[in-house]
Amino acid sequence: MSVLDRISSYKQRLSDSLWFLPSAIVVALLLLALGLVDLSSAVDVRLVERYPRIFGASAESSRSMLSTIAGSMVTVAGVTFSVMVLAVSQASTQYTPRVMRNFMRDRLSQVTLGALIGVFVYCLIVLRTIRSGDELFIPAVAVAAAVLLALVAVALLMYFIHHIASTLEAGKVLWSVAKDTLEFIDLLFTEELQEEEETEPIESCARWADAEWQAIPSSRSGYIQHLDMEGLLETADEWNAVIRMERAVGEFVAEGTRLASIAGHAADAIVTSGVNDQYVIGTYRTVFQDPSFGIRQMVDIAIKALSPGVNDSTTAVTSLNYLAAVLVRIASRRMPATERRLNGRVRVLVRQPGFEEMLDEAFSEIRRNAWNNPRVLQSAVGALELVAHAAKSSARREAILEELEKFRETIERMPGARGECESAKAHCDRVRGLLAQ
């Protein structure tokens, strides 16, 4: 795997962690404390004479103030951590466990936790430098800065309480998932699809059906989080072989089972190690190279909202709205080719979901769970209408039409609520007419 891909993978893991940014803030404040103590030894006398009310604290009062700030900060940090855990637990229960990492990745929560612990560490460092008696030394600049840092930490805490409450709202959770998904769609599907252009990659399995494929086993178990395609191409070119992916990014692979296959070269230990090195396999899915995971999270939220114990149609409708936003973006983009070439020769056969698979994943489970909810079914038809407006090829419009017909069949079998059923069927007919144009 290339250096850039490794950096991208590590960066994604660090952004998902709850320790890295707080630790960096703590280290920064520790260094700030040491720097301000050194600065105080050079400028304290002049500052105390010019601004006695700000920098004129005695050794005892400075110790007392720093001790108070340090004690309060570490106490509040514990409360903040408890609030974060409670919010994550509630989101996991109310929506889906898949959104937990969105809360752990939240920048404001990480900054607040790091600031509170960092101010505590800052006060400890400054506190130990204060001396009284014959060797009197009071780092006045550092002590004054501690008060300022404490005020900043309190302001962060107040905003954090507001922020953590607002992030539990269903619309905010779905917006966060959709935002991340759209961001990575733009990175993965960079080319706009032209009118009536071929939308899906040409299926190449038949061309390689007679090849002698040898299995390349996975060296570990987990979800495929990242794949260095350039590295895989170069690896296949180096061996003058063709590599076929057996598991797509986002799928689970077990240790010892087939991760990929190779034709044109023996699947020896060197080949197995070289191919495995191009994959990052972890314990959970990420949206980094897997936009389908973003769709999966929004579908899970909708299904949870439609469960008999929750019965929250509004959240399900909101999920459909954001699913439409994601699918509209996908519908207008060209899918990457399944045959990847290097130096004019096919080197990698890619396994990846197409537009039809992502459309089915977005709507099939919601359709089955909303069979007696006319409001949600009509909202789903409205979402398909938005996607239909964005679809630029007959193949994708045909896939949308097939999905629309499934919703119409579900609506026709729905018991009761005749007026709402007729309205939903009329909506289906309008979308069908749009797709026929």
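Scope of the values below: all heavy atoms of this structure, side chains included, with no hydrogens, waters or symmetry mates. Bear in mind the structure is a predicted one, so any value in this text is a computation, not a measurement.
- The CE atom of M358 sits 8.0 Å away from the CG atom of L327 when rounded to the nearest 0.5 Å.
- Within a 6.0 Å radius of CZ in R128, no more than 12 heavy atoms belonging to other residues, nucleotides or ligands are found.
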Taking it one step at a time, do V147 and M65 satisfy side chain to side chain contact (heavy atoms under 4.5 Å, CB included)?
-> CA-CA 8 Å; V147 178; M65 181 170 57; 3.5 Å; yes
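- Note on residues 252-261: pairs passing side-chain hydrogen bond (donor to acceptor under 3.5 Å, both in side chains), not counting sequence neighbours, are E246-S261, R258-S261.
- No donor-acceptor pair under 3.5 Å is formed between the side chain of S176 and the backbone N or O of V173.
- Counting all heavy atoms, side chain and backbone alike, R247 lies closest to F252 at NE-O, 3.5 Å.
- Note: F407 and F363 have perpendicular aromatic rings, judged against thresholds of 30 and 60 degrees for the angle between ring planes.
- Rounding to the nearest 0.5 Å places CG of L157 at 8.0 Å from CE of M73.
- Legend: residues meeting side chain to side chain contact (heavy atoms under 4.5 Å, CB included) with Q297, ordered by chain and number and at least two apart, are R98, V99, N102, V177, F293.
- The side-chain hydrogen bond (donor to acceptor under 3.5 Å, both in side chains) pairs that include a residue from residues 317-331 are D186-R329, where partners are two or more places apart or lie in different chains.
- Atom-to-atom distance recorded for T80:OG1 and L116:CG is 4.5 Å, nearest 0.5 angstrom.
- Closest heavy-atom contact between A388 and L435: CB-CD2, 3.4 Å.
- For T315, the side-chain hydrogen bond (donor to acceptor under 3.5 Å, both in side chains) test picks out D312, with sequence neighbours left out.
- Residues that satisfy the side chain to side chain contact (heavy atoms under 4.5 Å, CB included) test with D429, not counting sequence neighbours, are R408, R432.
- Classification of the H163-Y159 ring pair by plane angle, with boundaries at 30° and 60°, yields parallel.
- Proximity of a side-chain donor or acceptor of S72 to a complementary backbone N or O of I69 within less than 3.5 Å is detected.
- Interatomic distance, L156 CG to T112 OG1, rounded to the nearest 0.5 Å: 4.5 Å.
- No side-chain donor-acceptor contact under 3.5 Å links D237 to the backbone of L233.
- When every heavy atom of A260 is checked against every heavy atom of V275, the shortest pair comes out as CB-CG1, 4.3 Å.
- Side-chain atoms of N372 and R413 form no donor-acceptor pair, as typed in the model, at a separation below 3.5 Å.
- In this structure, the separation between CD on E409 and NZ on K425 is 12.5 Å, given to the nearest 0.5 Å.
- The side chain to side chain contact (heavy atoms under 4.5 Å, CB included) check on R375 picks up S313, T314, V317, N373, with sequence neighbours excluded.
- Side-chain atoms of D360 never come within 3.5 Å of backbone atoms of E356 as a donor-acceptor pair (strictly under, hydrogens ignored).
- A side-chain donor-acceptor contact under 3.5 Å links E385 and H427.
- A side-chain N or O of Q378 and one of S423 form a donor-acceptor pair less than 3.5 Å apart.
- Taking CG from L36 and CG from L32, the interatomic distance works out to 4.5 Å, rounded to the nearest 0.5 Å.
- In F189, the CZ atom is crowded: over 12 heavy atoms of neighbouring residues, nucleotides or ligands sit closer than 6.0 Å.
- Side-chain rings of F288 and F184 approach one another, their centers coming within less than 6.0 Å.
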